[in-house]
Amino acid sequence: MYNKKNGIKNTKQYFNQVNCGTGTDQLSQETNISQDKLDELASLSDLARLYGVGPVFARIIYDVGINSVKGFMYQLNNRWLSL
């Protein structure tokens, strides 16, 4: 997704814009993309920040109910503790 007004060219810029900038509300109005889709994209871009996680694996992680790096680390720690 490229947004000329905000200069968003990649997931890192999108993640920073959403989490440190205006959030998805304003971006939704500017792009006519639903809030839900932008929130989903924000979650996927967050998960893609994990080392070794690309777009396909980020989608798999998201589809099993983990929607952030924090959630991923929580699940990982719980799994290790239960072994």
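Small disclaimer: the values here were computed from a predicted structure and weren't measured.
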Quiz item: Going only through I, L, V, M, F, W and Y residues with side-chain contacts under 4.5 Å, is there a path from Phe15 to Leu44?
Solution: no

Quiz item: Rounded to the nearest 0.5 Å, how far apart are CG of Asn77 and CZ of Phe72?
Solution: 10.0 Å

Quiz item: So, the side chain of Gln75 versus the backbone of Gly71: is there a donor-acceptor pair under 3.5 Å, distance only?
Solution: no

Self-check item: Where Ser45 and Ala42 come nearest, the two heavy atoms and their spacing
Solution: OG-O, 2.9 Å

Quiz prompt | Same apolar cluster (I L V M F W Y, side chains within < 4.5 Å links), Ile61/Tyr74 | solution = no

Exercise. Please identify each residue that fulfils side chain to side chain donor-acceptor pair (under 3.5 Å) with Asp46, with sequence neighbours left out.
Key: Arg49

Self-check item: Minimum-distance pair of heavy atoms, taken over all atoms of Leu27 and Thr31
Solution: O-OG1, 2.7 Å

Practice problem: Mind checking the CG-OG spacing from Leu38 to Ser43? Nearest 0.5 Å is all I need. | Solution: 11.0 Å

Quiz item: Any side-chain heavy-atom pair from Val69 and Leu50 closer than 4.5 angstrom?
Solution: yes

Practice problem: Apply side chain to side chain donor-acceptor pair (under 3.5 Å) to Tyr14 and Asn10, showing your working. | Solution: CA-CA 6 Å; Tyr14 178 74; Asn10 57 46; over 6 Å; no

Practice problem: Identify, with sequence neighbours excluded, every residue that meets side-chain contact (heavy atoms from CB on, under 4.5 Å) alongside Asp39. | Solution: Thr24, Gln35

Practice problem: Using salt bridge (charged side-chain N to carboxylate O under 4.0 Å, His left out) as the criterion, list what pairs up with Arg59, not counting sequence neighbours. | Solution: Glu40, Asp63

Practice problem: State the NZ-OG distance between Lys37 and Ser28, to the nearest 0.5 angstrom. | Solution: 12.5 Å

Quiz prompt | Pair Glu30-Gln26, side-chain donor/acceptor within less than 3.5 Å | solution = yes

Quiz item: Taking all atoms of both residues into account, what is the closest heavy-atom pair of Leu47 and Ile66, and its distance?
Solution: CD1-O, 3.4 Å

Exercise. Could you state whether Met73 and Tyr62 fall into the same hydrophobic cluster, counting links through intermediate Ile, Leu, Val, Met, Phe, Trp or Tyr residues with side-chain heavy atoms under 4.5 angstrom apart?
Key: yes

